[in-house]
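Here is the structure we will look at, set down as structure tokens.
Start at 1 with the first residue, then count along the sequence. Everything numeric in this text was worked out from a predicted model, so none of it was measured.
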Amino acid sequence: MFSFDDRFKGYSVKSLQKDLVSGLIVGIVAIPLGMAFAIASGVKPEYGLYTVIVAGILISLFGGSKFQIGGPTGAFIPILFAIVMQYGYENLLIAGFMAGVLLFLMGLFKLGGLIKFIPRPVTIGFTTGIAITIFTGQIANFLGLTGLEKHESFIMNMKEIAVHLGGMNGYSILTAGICLAVILLAPRWLPKVPGSLLGLLISTLLAMLLYPDQVATIGTAYGEIPNRLPSLAFPTITWQSIQHMIKPALVIALLGGIESLLSAVVADGMTGTRHHSNRELMGQGIANMVTPLFGGIPATGAIARTATNIKSGAVSPLSGVIHGVVVLLVLFILAPYASSIPLASMAPILMVVAWNMSERKAFAHVLRTRTADSLVLLITFLLTIFTDLTTAVEVGLVASAILFVKNMSELLRTSKVLPDHDQKGERVSSRVIHEQHNCPQVSIHTVEGALFFGAAAQFEQRLAEELKEQPKVLILRMNHVLYMDTTGEANFAAIVKQVRKQGGTVLISEMRLQPEQMLRKTGLAASLGEEHFFDKTGEAISYALTKLNRHQCLGCPIRAFRECEHLSDPNHAVTPHTDKKAAPSGARSQTVC
């Protein structure tokens, strides 16, 4: 299952050199981000480093993408912070482990492809909402505000900031401003140096040299960072804790799956490769089951770091392993110095991350369409900010489903048409007929759209109105019906029953494969009879006319009464509908005279 041959095919010493360089660069980029994501999630900064090391190595080894870089990400911040606030850090580890199990099972049962069915307005909505939450969550550290009480509620946190605005620290603002300026200018002047790391180093050094005791640091807020990995410890999981944490675990697994596969798709687009979605989920699952044993937080594929990995020349998953080893070595050697990093230096890093992940262009594009997708987008976005991600995704998906059903049901069309066929009876061009041209004996209707639960009742109601005229033959032209479910079949059967009750016959022409298979599975096709299915509507009309005597044809507007006479000729053969692919064994073409 976890064959690496395809990912290391043609590997050479030169490939190793490229992986070493890219792994070193991405490892350096991951250090400040790992600590920043952990702090923003409400846990100690070292837990973010542990996650980068353990999850980063395992995701690269067992995942389904050659270039995926895993670790803590900004998308998880609001979820993890809410879990820590409500349940505590220990329960966060349990939720992370359970999410790993769920991700592994999703991959094992090949559910990777299902995530693509989540509507894009939902993913854009909650991603932008998360970005807003991250950005606003760093305002306090940027301004150097102290004494704030942390809340799960976005509004309450904004109130806390407003109340404490008078306590702004000029040194913190200066430190954060320097870091932000370096991050923004570094790509222009030093494109090969990670801007976040450079900004962190310069602002920290200036703060230590010029005003060492004027700003809050990692050390003053969280204590010193240990220069070692913690001992392996399995979280205590009970049936009660499983019941308690299953909902947070589901949210972590869902978001982790979405983020990792999106990142893998981005990597595919940049390299022309193809990832294995189910193996990627299993790799993510393994990483998230092991990481909590070292005190790490949930991890997933990181789009920005994966892109950096590719741009730096990565050749194989080994670059991701090297990136984790680089962070491990830095932890062993430089951990004590990290305690001097000002919290104000971490704030701009997360603010830039939030800005980059905000999907602002896609958000504006969907909003400008002023469609049902715009409504779903706004609902998901606002609920992500003002409630939580779980509620936002649930409501967004339900709203998408309801609006989809509504839109699909509105596409259903049934129109009564006047047949106009050539001498061979093979072509039918339809036009809506006027009431004064109504044919009392043969009623032909073209059906368009999907016959499913959202539109089936509408279909039955429209045809029931037409059947008040009690035609002898009802021809249903079905070439524009691509899908039928059991509800649609039931309403379809009700129409057939009503026509038969009035002494009439139902003929079906040009039916597509899926709807016909549905009728065969339910037995309605057998009840109608194979002779009542036709490949061409012209043939159905011909068959209908043979069932009517000349007296019944009087007054019929079907073109040229002599054609009725011609079609009544016993030597005129008509070929009913047969579908070689869909017809059951034993079915054969018949001739009706």
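- Looking at L201 and V182, their side chains never come closer than 4.5 Å, going by heavy atoms from C-beta outward.
- At least one side-chain heavy atom of L343 sits less than 4.5 Å from a side-chain heavy atom of Y222.
- Shown are L334, L200, L331, V327; of these, the side chain to side chain contact (heavy atoms under 4.5 Å, CB included) with I31 is made only by V327.
- The backbone N or O of I57 lies less than 3.5 Å from no partner atom in the side chain of S60, so there is not a single donor-acceptor pair.
- For the pair L205/I202, no side-chain contact is recorded, criterion being any heavy-atom separation below 4.5 Å from C-beta on.
- Taking CG of L198 as the start and CD1 of I183 as the end, the distance is 9.0 Å to the nearest 0.5 Å.
- For the atom pair OG (S319) and CD1 (I69), the distance works out to 5.0 Å, reported to the nearest 0.5 Å.
- The closest donor-acceptor contact from the side chain of T128 to the backbone of G125 lies at 3.5 Å or more, if one exists at all.
- Judged by distance alone, with hydrogens and angles left aside, the side-chain atoms of E280 form no donor-acceptor pair with the main-chain N or O of L261 at under 3.5 Å.
- T380 and V122 get closest at one heavy-atom pair: CG2-O, 3.4 Å.
- Proximity of the aromatic rings of Y211 and Y171 is defined here by a centroid distance below 6.0 angstrom, and this criterion is met.
- The side chain to side chain contact (heavy atoms under 4.5 Å, CB included) test with E259 singles out one residue from T123, T300, L254, and that residue is T300.
- A distance-only check finds a donor-acceptor pair linking the side chain of S316 to the backbone of L318 [under 3.5 Å].
- A distance-only check finds no donor-acceptor pair linking the side chain of H244 to the backbone of Q240 [under 3.5 Å].
- Of the options I252, I297, I94, a side chain to side chain contact (heavy atoms under 4.5 Å, CB included) to I83 is made by I252 and by none of the others.
- The shortest non-hydrogen separation linking G100 to N288 is CA-CB, 3.6 Å.
- Of the possible donor and acceptor atoms, one in the side chain of N356 sits under 3.5 Å from a partner among the backbone N and O of V352.
- Between the side chain of R360 and the main chain of W355, a donor-acceptor pair closer than 3.5 Å is present.
- Counting only distance, with no hydrogens or angles, the side chain of N91 and the backbone of M245 share no donor-acceptor pair below 3.5 Å.
- A distance-only check finds a donor-acceptor pair linking the side chain of N169 to the backbone of Q214 [under 3.5 Å].
- Looking at I25 and T308, their side chains come closer than 4.5 Å, going by heavy atoms from C-beta outward.
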